[in-house]
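What follows is a set of notes on a single structure, which appears directly below.
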Amino acid sequence: MKLTVLKNSKFRIALSNAVKKQWYKESRNQKKIRIMSEENKSIDYKELEEKVIAQPLVKHIYTADPSAHIFNGKIYIYPSHDIDAGEAFDDLGSHFDMEDYHVLSMDNIDSEAIDNGLALHVDDVPWAERQMWAPEANEKDGTYYLFFPSKDYDGIFRIGVATSSSPTGLFTAQPEAIKGSFSIDPAAFKDNDGCYYMYFGGLWGGQLQRWKTGTFNADQPKSPTAFLPGDDEAALLPYVAKMTDDLLEFAEEPKEIEILDKNGKLLLTGNNDRRFFEASWMHTYKGEYYFSYSTGDTHLLCYATGDNPYGPFTYQGVILIPVVGWTSHHSIIEFKGKWYLFYHDCILSEGVTHLRSVKCTELKYKEDGTIETINPINYKMK
Ligand code: FUB
């Protein structure tokens, strides 16, 4: 494989010690990739693109943070619509300055993905000013709901709802954000009894650490890590709230979701390979609740299981080892008897962290209900 040196750190594959360890375990190939990264050598993206496990669902726009759902027998994907808005890079994610959403649809898992055009623009959301981050959707009684985080005119992330009679929009936004909503990355889960729950939260630019006292802490506005607990303290937790019958509001005060280790202890902030960072998703498998999420700065998609939608959930393992790019975000669906992981990476943009592409790959369970770890960069190094 041709090695090209690319000095600009924003284009480099993000690797933490935890990630290196993960890769080291995987195989000789991964070890070679790790060594290349450690030596600050970059990847030949063209060759990589041909050999990774999945290709972008669409290439004419950049898409990320896929929330996949099945409505009327078809697959609909609700992604962020990545653009380069010219914002400087920072650890608050200011460069993720997206303006609108497009919905993708597929008749089958291997069909071509269709871009259904504009679904909602920030200019049509009265309370939102900027940064249309990872959206989510669901359906009830023939109405489709698009849930989305965006910064309000005070620079505070809130979560909004927009509705449509079509899964692809156009969606009409509610005049206000969900009352009592905060932070980012909503996941709207329909339980077997017909109740809907919203899971949400995200650290650093997602502002979760600023809500520890129940009100927004606006001090040190430029710091992504101010107000995070110490390494020996319990990690910040995602939130869940049951939704009202019309899915437009929280029916209850959001509650923290506990993520525990195998000894029943809360994961600590310093447990960077396992603790929650952002990108909640919930699904059930054989009656068990699987809460999955990204570990953010260690770039893993992990999961924890429990016996009810509120948890607690016990950490189980890694779903996806790091992709090319800083962020990792996903959804999991069952379609025609098989399970699929929708995720994103930055290979199409040659490593530009805010220009991502949604992909899909099969996800497999072992006999005991644990998930087989997926390696997105499964290719032989010369
Ligand atoms: O797309 C913007 C942010 O990046 C999302 O909200 C996070 O989950 C991360 O993927």
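One-based numbering, in listed order, for ligands and for the atoms of each. As the structure is a computational prediction, the values presented were derived from the model and not from experiment.
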*Under a 4.0 Å N-O cut-off, is there an ion pair linking E249 with K179?*
yes
*Flag the pair L146 / S164 as yes when at least one side-chain heavy-atom distance between them is below 4.5 Å, and no otherwise.*
no
*Relative to the heavy atoms of H329, which atoms of ligand 1 are at a distance of less than 4.0 Å?*
7 (C), 8 (O), 10 (O)
_ligand 1 to W133 polar contact by distance, N or O atoms, under 3.5 Å_ = no
_Just verifying a value: how many Å separate F342 CZ and M106 CE, rounded to the nearest 0.5 Å?_
4.5 Å
*Just which atoms of ligand 1 are under 4.0 Å from any heavy atom in T327?*
4 (O), 9 (C), 10 (O)
*Going by the order shown, which atoms of ligand 1 are within less than 4.0 Å of some heavy atom of M98?*
1 (O), 2 (C)
*asked:* Give me the residue, atom name and distance of the protein heavy atom closest to atom 10 (O) of ligand 1.
replied: D65 OD1, 2.6 Å
*Any N or O of D82 that comes nearer than 3.5 Å to an N or O of ligand 1?*
no
*Non-hydrogen atom of H354 closer than 4.0 Å to ligand 1*: no
*Mind telling me whether F157 and W133 have parallel, tilted or perpendicular rings, with 30° and 60° as the class edges?*
tilted
*Let me know which of D297, D231, D261 forms a salt bridge (Lys or Arg N to Asp or Glu O under 4.0 Å) with R275.*
D297
*Got the closest protein heavy atom to atom 6 (O) of ligand 1, with its distance?*
D185 OD1, 2.6 Å
*Kindly say whether S331 contributes a backbone atom to a donor-acceptor pair with the side chain of Y340 at under 3.5 angstrom?*
no
*Which heavy atom of the protein is the closest neighbour of atom 9 (C) of ligand 1, given with residue, atom name and distance?*
E278 OE2, 3.4 Å
*Mind checking whether S328 has an N or O less than 3.5 Å away from an N or O of ligand 1?*
no
_Any Q131 heavy atom less than 4.0 Å from ligand 1_ = no
*For A54, does its backbone N or O pair with a side-chain atom of T361 as donor and acceptor, under 3.5 Å?*
no
*Around atom 4 (O) of ligand 1, find the nearest protein heavy atom and jot down its residue, atom name and distance.*
R356 NH1, 3.3 Å
_side-chain contact (heavy atoms from CB on, under 4.5 Å), paired with Y239, selected from Y199, W211, F182_ = F182
